[in-house]
Amino acid sequence: MLKNKKNITQIQNDGQELKKIKEELEIQTWAMKKTNEAIKLLYKELEQKNEKLKELNKLKSEFVSIVSHEFRTPLSCIKESINITLDGTLGDLNQEQKEFLIAAKENIDRLSRLINDVLDYQKVEAGKMEYFIAEHDLNMVVKDACRIIQPLADKKGLTLNFQANEHGCRMKLDKDKIIQVLLNLINNAIKFTERGNVDIVVKDEQDNFHILVKDTGIGIAKEDIPRLFESFEQVGKGKKTGGTGLGLAISKKIIEAHNGKIWVESEQGQGTTFHFTLPKKHNRGKYDLR
């Protein structure tokens, strides 16, 4: 009898314990339901905000593109007017007048480059950059870039050394776009080098051609290197470049469109070396390579 009484008491206790567990589960289930509802609401709000951000980015891009295009025409007219005046068509100029006009022309050229950078970046971001692929000798492409930028090196008293690949290197690429990358890298090297030289080397590797642009300049701080190829970034605290901070970002996109890679090695006070590779075998890349 006593044993049965104990069993009944145990069953009652177990029943009360099960009831408590059931109540706790119901509370937890309710809490989870409310949490899920809150998460769904947050996701919905995030989606709405993302859509608004996309729309704002689209409007910003359109605005920048329109403004940049609108700037081009008056700038071209101003530049042409200065050129006509400088060449003496409208009459003789004294030395002081020539110097003022040359300074104005240089600033217009700089502004034109900034506008072109912005427009190129807009095209890259929108996936509308056109690539015209044809077979070229990479040595000659690099040589053309060096010839274009040689006066800038001469102006600073720097030696520009080009070391071609002795075996030749014919490959398919967009010549103008690769020259654009080279001019950006060499221009940066010249800009941040006060004395010494800038070396441009073409190496033949197993599956790629490897191009190096090496300078004896001020170098780049270790903490700045990861941000170097980001858009609108100008690393370094001591030197104002007057650029958009888009040149390297655009260069990276161009090299990646060719299925290549671009990177940098640098140490403050020890110079900088930019590297990029181009595959010998042409493949359709991330963008439409025409």
Side-chain angles (χ1 to χ4, degrees), residues 61 65 68 112-113 115-153 160-190 198-215 228-231 243-266 272-290:
S61 296
S65 183
S68 299
S112 295
R113 288 194 297 271
I115 290 170
N116 288 335
D117 275 353
V118 172
L119 290 174
D120 280 347
Y121 185 73
Q122 293 296 327
K123 288 179 185 176
V124 166
E125 285 296 288
K128 294 180 179 178
M129 180 75 87
E130 291 186 340
Y131 293 84
F132 300 95
I133 301 300
E135 188 171 290
H136 295 280
D137 185 331
L138 184 58
N139 280 332
M140 296 306 297
V141 173
V142 179
K143 188 175 180 180
D144 284 347
C146 292
R147 176 181 50 79
I148 292 167
I149 208 162
Q150 183 68 57
L152 190 60
L160 198 63
N161 298 316
F162 169 44
Q163 183 180 328
N165 182 267
E166 60 183 9
H167 302 296
C169 40
R170 295 199 67 80
M171 64 175 299
K172 289 185 176 181
L173 50 79
D174 184 317
K175 179 180 177 180
D176 290 339
K177 295 294 189 299
I178 296 302
I179 285 179
Q180 182 179 349
V181 171
L182 286 163
L183 290 177
N184 183 269
L185 298 181
I186 301 169
N187 181 59
N188 281 343
I190 292 170
V198 176
D199 298 323
I200 303 95
V201 183
V202 179
K203 291 184 176 182
D204 187 347
E205 297 180 344
Q206 186 173 358
D207 298 316
N208 304 300
F209 290 113
H210 182 176
I211 298 89
L212 300 85
V213 177
K214 183 176 181 180
D215 65 56
L228 206 58
F229 294 98
E230 293 178 10
S231 57
T244 57
L246 291 173
L248 289 175
I250 294 168
S251 296
K252 184 173 186 286
K253 296 288 186 182
I254 290 172
I255 296 303
E256 288 176 345
H258 284 76
N259 283 319
K261 294 180 181 179
I262 185 168
W263 70 97
V264 63
E265 295 175 336
S266 186
T272 299
T273 303
F274 277 93
H275 305 255
F276 69 90
T277 59
L278 296 170
K280 293 179 181 178
K281 186 176 179 181
H282 171 66
N283 294 305
R284 295 181 71 83
K286 184 178 178 183
Y287 302 102
D288 183 15
L289 301 184
R290 300 173 190 271

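This chain uses plain numbering: 1 for the first residue, then up along the sequence. Computed from a prediction, not measured in an experiment: that's the story for all the values here.
Remark: K175 engages D144 in a salt bridge (charged side-chain N to carboxylate O under 4.0 Å, His left out) (not counting sequence neighbours). Applying the salt bridge (charged side-chain N to carboxylate O under 4.0 Å, His left out) criterion to E135, with sequence neighbours excluded, gives R170. Not counting sequence neighbours, the partners of N165 by the side chain to side chain contact (heavy atoms under 4.5 Å, CB included) test are N139, H167, C169, V202, D204. Residues passing the side chain to side chain contact (heavy atoms under 4.5 Å, CB included) test with Q163, sequence neighbours excluded: V201. Here H136 pairs with nothing under the ring pair (Phe, Tyr, Trp, His ring centres under 6.0 Å) rule; sequence neighbours left out. Among residues two or more places apart in sequence or in another chain, the salt bridge (charged side-chain N to carboxylate O under 4.0 Å, His left out) test is passed with D176 by none.
When all heavy atoms are compared, the tightest approach of M171 to P279 is CE-O, 3.2 Å. The two residues L183 and A145 come nearest to each other via the heavy atoms CD2-O, 3.5 Å.
More than 12 heavy atoms of other shown residues, nucleotides or ligands fall within 6.0 angstrom of atom CD in E205.
Judged by a 6.0 Å distance limit and a 45° cone about the ring axis, K177 is positioned over the six-membered ring of Y131.
We find the CG-CG distance between L152 and N187 to be 5.5 Å, quoted to the nearest 0.5 Å. Atoms CG and CD1, from D215 and I200 in turn, are 10.0 Å apart once rounded to the nearest 0.5 Å. Rounding to the nearest 0.5 Å gives a distance of 9.5 Å between CD1 of I148 and CG of L182. Here the CG-NZ distance, from L138 to K172, works out to 15.5 Å after rounding to the nearest 0.5 Å.
Applying the side-chain contact (heavy atoms from CB on, under 4.5 Å) test between W263 and each of T273, L228, T277, I255 identifies T277 as the sole match.
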For H210 and H275, what are the C-alpha separation, side-chain angles and deciding distance, and is it a side chain to side chain contact (heavy atoms under 4.5 Å, CB included)? CA-CA 7 Å; H210 182 176; H275 305 255; 2.9 Å; yes
| Are T272 and K214 close enough, and set up right, to give a side chain to side chain contact (heavy atoms under 4.5 Å, CB included), and what steps lead you there? | CA-CA 6 Å; T272 299; K214 183 176 181 180; over 6 Å; no
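K281 has its side chain out of reach of D207: every pair of non-hydrogen atoms, C-beta onward, lies at least 4.5 Å apart. Contact annotation: the side chain of K280 approaches that of F209 to within less than 4.5 Å [non-hydrogen atoms, C-beta and beyond]. At least one side-chain heavy atom of L160 sits less than 4.5 Å from a side-chain heavy atom of I149. At least one side-chain heavy atom of F162 sits under 4.5 Å from a side-chain heavy atom of K143. Side-chain contact between I178 and H258 is present, with heavy atoms from C-beta onward closer than 4.5 Å. Using a 4.5 Å heavy-atom cutoff, the side chains of V198 and N161 are not in contact. At least one side-chain heavy atom of L248 sits less than 4.5 Å from a side-chain heavy atom of L185. Considering only heavy atoms from C-beta on, I250 comes within 4.5 Å of L246 through its side chain.
F229 and F274 have perpendicular rings, their planes meeting at more than 60° on a 0 to 90° scale where under 30° would count as parallel.
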